[in-house]
Amino acid sequence: MTTIPRPSFICLLSALAVGAVFGAATSLANAAATLTVDLESTEATIGGWSIMEIVSILLDAGWAWAGLGVLAGWWATRGQGGVLTGRRLARGAVVGMVALLAATAAYYIADTVVHDVPSGSYVHDTVYWWVASALFGPVLGAIGACAGHPGAIGVLARLIVPVGAAVQMAVLPPGRNDVLRNIGQWVVWTAAAVAVGLLIARFLRVRRRASRAETAGNDLR
């Protein structure tokens, strides 16, 4: 029977801090984006855009939040070698969930302050996304824990976020008009293509080195 470990105090605090910063930053970016465009203008509504709006739709996209859970799981298990143990996966799962719970809380707390609404106005939204964080956070955190594996499992885990981002931008691109959606798509697709290329190239390079080392070792026997 595998016992779920208690992540270190520092790991949990770090997950809480990073999650809170991400959630608050996303809320503030959304608020700042609304100040950069005149939504009463037909021209701005149809084709207007701003750098802050691009930042906002990138931070508030589902793939970015999923990436937070994956990143937290990777960070909590880094330096543990390439062996995937139940303890390692459980540690990543717990930390990934904690990061998303903290991000959700910080997001709606910031929204409450920014929009100057009564406390508790977003309680239903908070609970809804807390449930989602509790369900998907452990899975994302475990994927992050797998990202440190040197083999194919690690490569697949590291590909989850860029591939997921590219798919979301193709299927459900965020943005209030076509111009914003197009810019967001090309930014994410370009970044995803570069990330995937680098990850695969690194994996193949490591495999070639390992193959050469094995061949050299056999020649010396």
Side-chain angles (χ1 to χ4, degrees), residues 1-8 10-12 14-15 17-19 21-22 58-59 61-100 103 133 135-173 183-221:
M1 181 177 178
T2 301
T3 301
I4 296 179
R6 295 179 61 186
S8 70
I10 293 179
C11 270
L12 288 178
S14 298
V18 172
V21 169
F22 179 85
L58 294 180
L59 284 178
W63 64 264
W65 286 72
L68 172 65
V70 174
L71 179 64
W74 167 80
W75 184 88
T77 58
R78 74 197 191 289
Q80 294 187 10
V83 181
L84 292 178
T85 63
R87 180 181 180 86
R88 176 176 182 163
L89 293 175
R91 184 186 184 93
V94 172
V95 174
M97 179 180 66
V98 169
L100 288 174
S133 298
L135 290 175
F136 298 107
V139 177
L140 295 168
I143 291 173
C146 293
H149 190 277
I153 293 176
V155 175
L156 291 174
R158 291 190 289 271
L159 288 174
I160 288 293
V161 174
V163 172
V167 170
Q168 182 189 347
M169 296 305 286
V171 178
L172 293 171
I183 294 175
Q185 284 178 325
W186 285 109
V187 168
V188 172
W189 286 342
T190 301
V194 171
V196 169
L198 290 175
L199 288 171
I200 293 177
R202 181 178 181 276
F203 174 70
L204 294 177
R205 185 170 64 251
V206 171
R207 289 292 296 270
R208 282 197 298 268
R209 289 178 180 174
S211 178
R212 289 171 185 168
E214 183 179 355
T215 301
N218 292 334
D219 292 342
L220 293 176
R221 292 177 184 175

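A quick note: this is a predicted structure, and the numbers were derived from the prediction, not measured.
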Mind checking what makes side-chain contact (heavy atoms from CB on, under 4.5 Å) contact with Ala157, not counting sequence neighbours? Ile143, Cys146, Ala147
I need the minimum non-hydrogen distance between Gly92 and Ala145, along with the two atoms involved. CA-CB, 4.3 Å
Say you draw a straight line from CG of Leu198 to CZ of Arg205; how long is it, rounded to the nearest 0.5 Å? 9.0 Å
Taken to the nearest 0.5 Å, the spacing of Thr77 OG1 from His149 NE2 works out to 12.0 Å
For Cys11 versus Arg91, what's the shortest heavy-atom pair and its separation? SG-NH2, 3.3 Å
Check Arg88 against Gly148 and note the closest heavy-atom contact, atom names and distance. NH2-CA, 3.5 Å
Any idea which heavy atoms bring Phe22 and Leu59 closest together, and the distance? CZ-O, 3.5 Å
Heavy-atom check, side chain of Trp75 versus side chain of Val18, under 4.5 Å: no
Within the supplied structure, the quantity of interest is the number of heavy atoms (other residues, nucleotides, ligands) at a distance under 6.0 Å from Phe136 CZ; does it exceed 12? no
Under the rule for side-chain contact (heavy atoms from CB on, under 4.5 Å), what residues qualify as partners of Val196, not counting sequence neighbours? Leu159, Pro162, Val163, Ile200
Report the C-alpha distance between Trp63 and Leu58 in whole Å, list the side-chain angles of each, state the deciding distance to 0.1 Å, and finish with yes or no for side chain to side chain contact (heavy atoms under 4.5 Å, CB included). CA-CA 9 Å; Trp63 64 264; Leu58 294 180; 4.2 Å; yes
When rounded to the nearest 0.5 angstrom, what distance separates CG in Leu199 from CG in Leu156? 10.5 Å
Minimal non-hydrogen separation, Ala103 against Leu68, with atom names: CB-CD2, 3.7 Å
From Gln185 CD over to Gln168 CD, what is the distance, rounded to the nearest 0.5 angstrom? 10.5 Å
What pair of heavy atoms forms the shortest contact from Arg202 to Arg158, and how long is it? NH1-NH2, 4.1 Å
